[in-house]
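We use all heavy atoms of the structure for the numbers below, so side chains are in, but hydrogens, waters and symmetry mates are not. The first residue of the sequence shown is numbered 1, and numbering continues consecutively from there.
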Amino acid sequence: MYQEERLLSILDFLQKNKRISVEEICTMYHVSRDTARRDLVKLEEENSIIRTRGGAILPSIQEEIKNYSKRLETVSQEKKIIGKKAASLIYPNDNIILDTSTTVQACAEHIQNMDCTIITNSINLAEVLSNRSHINIQLLGGTLHKEHRFLYGSSVVEKLSDYYVDKLFVGVIGISETGLTIAHEEDGVVKRKMVKQAKQVIVLADHTKLGTNHFFKFASLDDVDLLITDKTPPKAFMEVLRKNNVDLLIADGETKGDK
């Protein structure tokens, strides 16, 4: 086997097993330890692996978080379905907080023109709702995150202290037994305060977010009252929800769990 073929095979093994030892390379490809080490050096030079004592592992690659406009261009059908289901839970005279996620924007797009108050730190959501004559919009003022279109900072957090609302609709990048996570700390600090000001915390998350973690934790799973998603989660995740008393609503109308 040529070295190029062996390197591809080693990478394939790493994709499946996450790590490989020099001894495994020697055994699988019938090569000497020196040859195995040269293979690993070559892969390291190509930034394909991280060499460890006695072998190698794959580098940890964090998924890039696209800016808000780019994410809006690729809002999935699942997010639209989740958003529509979430909007059906908003009633006249409700006081609501909406966060800055694209799934929550999908919710905003389906909110009926009714007498209710919506508080948000998203300039996009404020614009979406601005043509609904009966909705009272409270836009939280602060520093503008230009790339992701949200307002943040101490002034936003302090102003949130003045509000106590019926429901918070919040998006995540990850939701797991560890908690609710997001990509940006400044966004997460605001979300953390939003959670404290709401009687009912409703998380909107498509199935790809379930069981995953990201950079900044802003809430624990037991802070959540209801999760709206697009597919019934695996049994292990359902058990995690049950242990934390989180109700589950599937966007096609199926419901699971009791609070």
Side-chain angles (χ1 to χ4, degrees), residues 1-82 100-103 145-149 171-188 203-218 221 227 229-241:
M1 179 182 288
Y2 293 110
Q3 185 188 40
E4 290 79 7
E5 296 173 297
R6 200 164 56 245
L7 298 183
L8 289 173
S9 181
I10 290 170
L11 287 175
D12 183 63
F13 182 90
L14 280 166
Q15 290 289 344
K16 296 174 182 175
N17 299 280
K18 309 304 179 187
R19 62 185 68 246
I20 194 169
S21 67
V22 170
E23 288 74 15
E24 285 173 321
I25 295 173
C26 294
T27 301
M28 287 189 296
Y29 306 109
H30 308 291
V31 296
S32 68
R33 292 178 66 86
D34 285 342
T35 298
R37 289 192 188 98
R38 284 195 293 270
D39 286 350
L40 294 182
V41 168
K42 178 70 171 175
L43 288 170
E44 185 177 44
E45 289 172 349
E46 296 173 351
N47 295 318
S48 297
I49 65 164
I50 297 172
R51 291 177 67 196
T52 62
R53 186 174 180 180
I57 60 174
L58 284 177
S60 177
I61 300 174
Q62 192 65 261
E63 182 182 1
E64 178 188 5
I65 304 301
K66 298 184 175 110
N67 68 39
Y68 196 87
S69 297
K70 290 293 184 183
R71 286 186 285 134
L72 279 179
E73 290 173 4
T74 58
V75 170
S76 65
Q77 187 62 28
E78 290 84 0
K79 289 184 178 183
K80 293 176 182 178
I81 292 170
I82 292 168
T100 62
S101 73
T102 54
T103 311
H145 193 299
K146 295 178 182 177
E147 184 180 6
H148 293 287
R149 312 282 290 170
V172 298
I173 293 183
I175 176 170
S176 71
E177 191 167 16
T178 303
L180 313 183
T181 51
I182 198 72
H184 302 96
E185 182 173 354
E186 56 266 42
D187 188 20
V203 174
L204 312 186
D206 68 74
H207 67 278
T208 65
K209 311 293 177 58
L210 309 186
T212 66
N213 295 309
H214 216 273
F215 173 65
F216 186 80
K217 175 182 173 180
F218 66 90
L221 196 56
L227 167 65
T229 189
D230 59 300
K231 292 182 180 180
T232 301
K235 288 183 179 179
F237 191 81
M238 294 278 284
E239 180 62 18
V240 169
L241 295 179

Say you draw a straight line from [atom1] of [X] to [atom2] of [Y]; how long is it, rounded to the nearest 0.5 Å?
| X | Y | atom1 | atom2 | result |
| --- | --- | --- | --- | --- |
| Leu58 | Lys18 | CG | NZ | 6.5 Å |
| Leu204 | Ile175 | CG | CD1 | 10.0 Å |
| Ile173 | Asp187 | CD1 | CG | 8.5 Å |
| Met28 | Met1 | CE | CE | 9.5 Å |
| Lys79 | Thr103 | NZ | OG1 | 4.0 Å |

**Study point:** Residue list, side chain to side chain contact (heavy atoms under 4.5 Å, CB included) with Glu186, at least two apart or on another chain
**Key:** His145, Phe150, Tyr152, His184
May I ask you to test the [X]-[Y] pair for a side-chain heavy-atom distance under 4.5 Å?
| X | Y | result |
| --- | --- | --- |
| Leu180 | Leu221 | yes |
| Val172 | Phe218 | yes |
| Thr52 | Arg19 | no |

Smallest separation among heavy atoms of [X] and [Y], with atom names:
| X | Y | result |
| --- | --- | --- |
| Ala205 | Leu227 | CB-CD1, 4.1 Å |
| Ile25 | Ala36 | CG2-CB, 3.6 Å |
| Leu210 | Thr229 | CD1-OG1, 4.1 Å |
| Asp230 | Glu78 | OD2-CG, 3.1 Å |
| Lys217 | Thr178 | NZ-O, 3.1 Å |
| Ser101 | Gly171 | OG-CA, 3.5 Å |

Distance-only criterion, 3.5 Å: show the donor-acceptor pairs between side-chain atoms of residues 37-45 and protein atoms not counting sequence neighbours.
from  : atom 1 : to    : atom 2 : distance (Å)
Arg37 : NH1    : Asp34 : OD1    : 3.4
Arg38 : NH2    : Thr35 : OG1    : 3.1
Asp39 : OD1    : Gln3  : NE2    : 3.1
Asp39 : OD1    : Arg6  : NH2    : 3.1
Asp39 : OD2    : Arg6  : NE     : 2.5
Asp39 : OD2    : Arg6  : NH2    : 3.3

**Study point:** Test side-chain hydrogen bond (donor to acceptor under 3.5 Å, both in side chains) applied to Thr181 and Asn213, step by step
**Key:** CA-CA 6 Å; Thr181 51; Asn213 295 309; 4.6 Å; no
Review point. With distance as the sole test, does Thr27 use its side chain to make a donor-acceptor pair with the main-chain N or O of Glu24 at under 3.5 Å?
Key: no
Determine all donor-acceptor pairs shorter than 3.5 Å in which one atom belongs to a side chain in residues 7-17; sequence neighbours excluded.
from  : atom 1 : to    : atom 2 : distance (Å)
Ser9  : OG     : Tyr29 : OH     : 2.6
Asp12 : OD2    : Lys16 : NZ     : 3.3
Asn17 : ND2    : Phe13 : O      : 2.9

